[in-house]
Amino acid sequence: MEKVKSFKPLNLFEYEQLATKCLSQMALDYYASGAWDEVTLRDNRAAFERFKLRPRVLVDVSDRNLATKVLGQPLQMPLFIAPMAFQCLANPQGEVATARAAASAGVGMVLSTLSTKSIEEVATVSHDTNLHTPQWFQLYIHKDRGLTRALVERAYAAGYKALCITVDAPLLGRRERDKRNEFALPVGMELANFTNLSGLNIPHEEGESGLFTYVAEQLNSAVTWDDLEWFQSLCPLPLVLKGILRGDDAARAVECGAKAIIVSNHGGRQLDGAIASLDALAEVVEAVDGRAEVLLDGGIRRGTDILKALALGAKAVLVGRPVLWGLAVAGEAGVAHAIEILRDELDVAMALSGCACLGQIDSSLLFRENHRYA
């Protein structure tokens, strides 16, 4: 892989351009692709451009504060690293490098079940650095209930602060780039949370994505709302549901005990043609009505994107692919710089919008053609 060090990117789009030179074609396509025609993948970005800002003026913004709390857990800015599998494809330190950068920046991280560094190894980052920003564990529900229970118990024992269940993946969306590449993990790379279990790895299969095969064979597509009580019985961690796009589902999630909801379409990687996450946000916030915290995942590339999401009622956002681009280009330092870029952009956007703190961001800042939010 070619390592690019010629200049320091000014924004997340430049990180993406550099990452294309650092990754194998299989890894790049896996990270970048969406399902089928990638309509939802593109719309996640376009949704932010449909909203314009209506800045306030003559507000004292000389002292700005970006800090917040999510589920009572402090953050230096309203940002989590989204759960993303196979980060060692981008850098040998993978999820550990990402966790170190997140902790240093005071933002949260959600660790994927399908990580290439283990639950315990990533958790040690917080202990070793004495930086106590929240780490959450994202759960894919396997058919083997004993295995699912073990994952939750390991996460709780390791000190993770919430259990984040992905609810939009009973099957894997059809990602044609992965199918064409016959996606599989390279020799020597494995699912770090399953190293002692035979048969639990991403297979190489001719003419097919190995991840698609893994999900079809191993994950439980029969999970329903009734199962949430069982998950909550496994540990006392707050329950977060990721992958909700409808108000009625959001309301039911709260009734079933969810403490937070992540509005997400899986980065456009599941159902192509699904609504953009940002377009679903206001409906979910209204349905939840303050009974749980609402976060947004999908399409964040600028600090103004974060501002718009907060104005529509999100408590924080999750960022995925840009973190992988930073990781591919410069490891931990690249992730740290990507987070820094977003922080600086949000800080400037708040100042220019007349907001000295997050609590001053509201829907009156937004304008959309034929629809003003107030």
Side-chain angles (χ1 to χ4, degrees), residues 12 15-16 19 30-35 40-41 44-45 47-48 70-71 73 75 77-91 94-103 105 107-117 122 133-140 155 160-169 173 175 240-245 260-270 274 276-278 280-281 293-302 305-306 309-310 314-328 334-336 338-339 341-343 346:
L12 300 187
Y15 261 115
E16 182 174 5
Y30 170 69
Y31 288 153
S33 64
T40 298
L41 174 66
N44 272 349
R45 277 299 307 141
F48 286 97
V70 175
L71 297 181
Q73 302 159 22
L75 299 168
M77 66 176 291
L79 179 70
F80 278 81
I81 306 301
M84 296 173 289
F86 315 143
Q87 293 185 31
C88 284
L89 288 172
N91 180 278
E95 292 85 358
V96 169
T98 300
R100 293 185 67 87
V107 304
M109 175 176 173
V110 189
L111 181 70
S112 171
T113 293
L114 302 181
S115 58
T116 41
K117 296 291 183 181
V122 174
T133 50
Q135 291 179 338
W136 295 358
F137 180 67
Q138 175 269 335
L139 179 68
Y140 280 124
Y160 289 77
K161 300 302 182 185
L163 178 63
C164 178
I165 299 179
T166 294
V167 296
D168 62 358
R175 305 162 196 173
V240 179
L241 297 189
K242 178 179 180 290
I244 288 178
L245 294 172
I261 289 165
I262 301 174
V263 178
S264 172
N265 55 36
H266 215 109
R269 293 160 70 80
Q270 283 297 97
S277 297
L278 190 71
L281 179 57
E293 295 181 344
V294 178
L295 293 80
L296 177 93
D297 168 65
I300 299 287
R301 297 295 183 272
R302 287 284 190 181
D305 299 337
I306 301 176
L310 299 181
K315 189 69 182 289
V317 301
L318 288 83
V319 173
R321 290 180 178 93
V323 170
L324 297 173
W325 310 145
L327 185 64
V335 177
I339 296 170
I341 287 172
L342 281 175
R343 189 198 185 285
L346 176 59

### Task
Check side-chain hydrogen bond (donor to acceptor under 3.5 Å, both in side chains) between T40 and all other residues, then give those that pass, not counting sequence neighbours.
none

### Task
Would you please name every residue forming a side-chain hydrogen bond (donor to acceptor under 3.5 Å, both in side chains) with S33, sequence neighbours left out?
none

### Summary
Sorted by chain and residue number, the side-chain hydrogen bond (donor to acceptor under 3.5 Å, both in side chains) partners of R302 (sequence neighbours excluded) come out as E345

### Query
With no hydrogens and no angle check, is any side-chain donor or acceptor of T113 less than 3.5 Å from a backbone partner on Y140?
yes

#### Entry: For the student: nearest non-hydrogen atoms of V335 and A101, plus distance
CG1-CB, 3.5 Å

### Heavy-atom closest pair, residues A102 and I81
CB-CG1, 4.1 Å

### Query
Atom CG of L79 and atom CG of L295: how far apart are they, to the nearest 0.5 Å?
10.0 Å

### Message
Less than 4.5 Å apart, side chain to side chain, heavy atoms only: is that true for P134 and L75?
### Response
yes

### Message
Just to verify, what does A97 make a side-chain contact (heavy atoms from CB on, under 4.5 Å) with, not counting sequence neighbours?
### Response
Q93, L327, E332

### Message
My understanding is that only residues two or more places apart in sequence, or in another chain, count here; which of them pass side-chain contact (heavy atoms from CB on, under 4.5 Å) with L324?
### Response
Y31, M84, Q87

### Task
Run the numbers on E95 and T116 for side-chain contact (heavy atoms from CB on, under 4.5 Å), then give the verdict.
CA-CA 7 Å; E95 292 85 358; T116 41; 3.0 Å; yes

### Query
What are the two closest heavy atoms between S264 and S277, and how far apart are they?
CA-OG, 3.5 Å

### Message
List the residues meeting salt bridge (Lys or Arg N to Asp or Glu O under 4.0 Å) with E293, not counting sequence neighbours, and say none if there are none.
### Response
K315

### Task
Could you tell me whether a side-chain N or O of Q270 sits under 3.5 Å from a main-chain N or O of D168, the two making a donor and an acceptor?
yes

### Message
Taking the side chain as everything from C-beta on, heavy atoms only, tell me whether I306 gets closer than 4.5 Å to M77.
### Response
yes

### Query
Listed by chain and number, what are the side-chain contact (heavy atoms from CB on, under 4.5 Å) partners of A338, not counting sequence neighbours?
L12

### Task
Locate the shortest heavy-atom distance separating Y15 from G326; write the atom from each residue and the value.
CD2-CA, 3.8 Å

### Task
Using the test side-chain hydrogen bond (donor to acceptor under 3.5 Å, both in side chains), find all partners of K117 that sit at least two apart in sequence or belong to another chain.
none

### Task
Would you mind reporting whether V122 and Y160 have side-chain heavy atoms less than 4.5 Å apart?
yes

### Message
For F86, give me all partners under ring pair (Phe, Tyr, Trp, His ring centres under 6.0 Å), at least two apart in sequence or on another chain.
### Response
Y30, F183

### Query
How close do G268 and N265 get, heavy atom to heavy atom, and via which atoms?
N-OD1, 3.0 Å

### Message
Is any side-chain heavy atom of L278 closer than 4.5 Å to one of L296?
### Response
yes

### Task
With the side chain counted from C-beta on, respond yes when L71 and V240 share a heavy-atom pair under 4.5 Å apart, and no when they do not.
yes

### Query
Do D297 and V317 have side chains that get closer than 4.5 Å, going by heavy atoms?
no

### Residue list, ring pair (Phe, Tyr, Trp, His ring centres under 6.0 Å) with W136, at least two apart or on another chain
F80

### Heavy-atom side-chain contact between I262 and C164 under 4.5 Å
yes

### Message
Once side-chain contact (heavy atoms from CB on, under 4.5 Å) is applied, do any residues pair with R301, and if so which ones, sequence neighbours excluded?
### Response
F13, R45, D305, R321, P322

